Number of protein chains: 2
Amino acid sequence: MFSKACEYGIRASTYIALQSLEGRRVSLKEIAEEIDSPVAFTAKILQLLSKNNIVDSVKGAHGGFEINKEKIDKLKLSQIVDAIDGDKIYAGCGLGLKECNADKPCPVHDKFVEIRNDLKQMLENTSLFEMTAGLEVGLTYLKR
Amino acid sequence: MFSKACEYGIRASTYIALQSLEGRRVSLKEIAEEIDSPVAFTAKILQLLSKNNIVDSVKGAHGGFEINKEKIDKLKLSQIVDAIDGDKIYAGCGLGLKECNADKPCPVHDKFVEIRNDLKQMLENTSLFEMTAGLEVGLTYLKR
DNA sequence: CATAAATCGGACAAAACTATCCGATTAAAA
DNA sequence: TTTTAATCGGATAGTTTTGTCCGATTTATG
């Protein structure tokens, strides 16, 4: 569904959000440990998320990553996916046709539109805050 | 969503089904032309589909690929996807966790289960015959 | 039987994705 | 001011996916 990079990106953002809610800035090393991802690769993804204004990075000693508390509720999964994987999940034909639309559809166009709209809606409606909700009380997990 | 191989596989199977309904056996070359796919790569995919008893291949002069007319209505997209991409679209966590289930879910587990069930249902309920329906009358397309 | 038209199957090549390494830069703290 | 703890960014390596090439095999036909 998503690329590995995107999976790590969502998990990392969620962990950063969780800690930022507590006022804690977190280091790359801690993030990678807590979401069980390769450190250096995660660094690359965080750079990308930082450039896309999804997370804030602070260089130097005591630096790390954080997300502005007010933004946590506004940031949606769709923005993270867009930044890393682009729009190829929503856009683009399910059977790989370059040009596929209601006018010249592939045989499963309508059925795909429906499913991908559901996915799109879900990603656009799910905030990072919502992602953190179950984590604190041990209802959901970011590794294993 | 699907791999390129799977996209080509679905398009190729659909074209073979369409022609088999008319009693025509089709060559690799014709298939690749009609679905706009790389010839040699398509050959590999057709070998795989042949081994999985989704298409029948006939070697030698006047050979090619065909699908038994009775099977066209019974063959579902899910079988093609299974043969090429396996079950990774249904199974596996949306955020890439190795172990993610109702007991120890990732933060989007429930939402993903729903969307992927819809996808699964759709693939299991769509037959190759249904795929060919719009093609004959120019309502749907396999290339462009 | 010889030839031509096909698929089969193994080796190889290119591109994309995943992942690592390391020096440069930044900033806090001693 | 020096040291130390961080991210940044470019180069590189490994793996998977995508794609090509070509000889071997099979079969219809002349």
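Keep in mind that what you see is a predicted model, and the values were worked out from it rather than measured. Note on naming: letters A, B, ... go to the chains in the order of the sequence lines (proteins, then strands), and numbering restarts at 1 for each one. Reckoned from all heavy atoms, side chains included, excluding hydrogens, waters and symmetry mates.
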Just to verify, what does B/Y8 make a ring-ring contact (aromatic ring centres under 6.0 Å, His included) with, not counting sequence neighbours?
B/F41
Does a side-chain N-to-carboxylate-O contact under 4.0 Å join B/E30 and B/R24?
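Judged by the 4.0 Å cut-off on N to carboxylate O distance, B/E30 and B/R24 do form a salt bridge.
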Using a strict 4.0 Å threshold on nitrogen-to-oxygen distance, state whether A/R11 and A/D36 make a salt bridge.
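Salt bridge between A/R11 and A/D36, a charged N being under 4.0 Å from a carboxylate O: no.
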Test of understanding: with side chain to side chain donor-acceptor pair (under 3.5 Å), list the residues that count as partners of A/R116, not counting sequence neighbours.
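A/R116 satisfies side chain to side chain donor-acceptor pair (under 3.5 Å) with no residue once adjacent residues are dropped.
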For [X] and [N], give me the distance from atom [atom1] to atom [atom2], rounded to whole Å.
X     : N      : atom1 : atom2 : result
A/I45 : D/dT7  : CD1   : P     : 14 Å
B/L48 : C/dT7  : CG    : P     : 16 Å
B/L49 : C/dC8  : CG    : P     : 11 Å
B/D56 : D/dT27 : CG    : P     : 14 Å
B/I84 : D/dT17 : CD1   : P     : 13 Å

Looking at [X] and [Y], would you say the former's side chain and the latter's main chain have a donor-acceptor pair under 3.5 Å?
X      : Y      : answer
B/T140 : B/L135 : yes
A/R25  : A/H62  : yes
A/D85  : A/V81  : no

Quick one: which residue pairs count as a ring-ring contact (aromatic ring centres under 6.0 Å, His included) with a foot in residues 105-130 of chain B, not counting sequence neighbours?
A/F2-B/F112
Phosphate OP1/OP2 of [N] contacted by [X] side-chain N/O (<4.0 Å):
X     : N     : result
A/Q47 : D/dG9 : yes
A/K51 : D/dT7 : no
A/S57 : D/dC8 : yes

Anything under 3.5 Å between a protein N or O and an N or O of nucleotides 1-4 of chain C, put it in a table, one pair a line.
none

Any residue of residues 16-33 of chain B with a heavy atom less than 4.0 Å from an atom of DNA chain C:
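B/S27, B/L28, in order of number.
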Nucleotide by nucleotide, 5' to 3', does protein get under 4.0 Å of the base (B), only the sugar-phosphate (S), or neither (-) in nucleotides 13-25 of chain C, counting heavy atoms?
----SSBB-----
A/K111 and B/T126: side chain donor to acceptor below 3.5 Å
yes
Would you say B/E124 has more than 12 foreign heavy atoms packed within less than 6.0 Å of its CD?
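Check passes, neighbour count above 12.
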When you match B/D85 and B/V58 each to their closest nucleotide on DNA chain D, which lands nearer the 5' end?
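Mapping each residue to its closest nucleotide by heavy atoms, the 5'-most match is B/D85.
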Nearest 0.5 Å, please: how far is CD1 in B/I84 from SG in B/C6?
4.5 Å
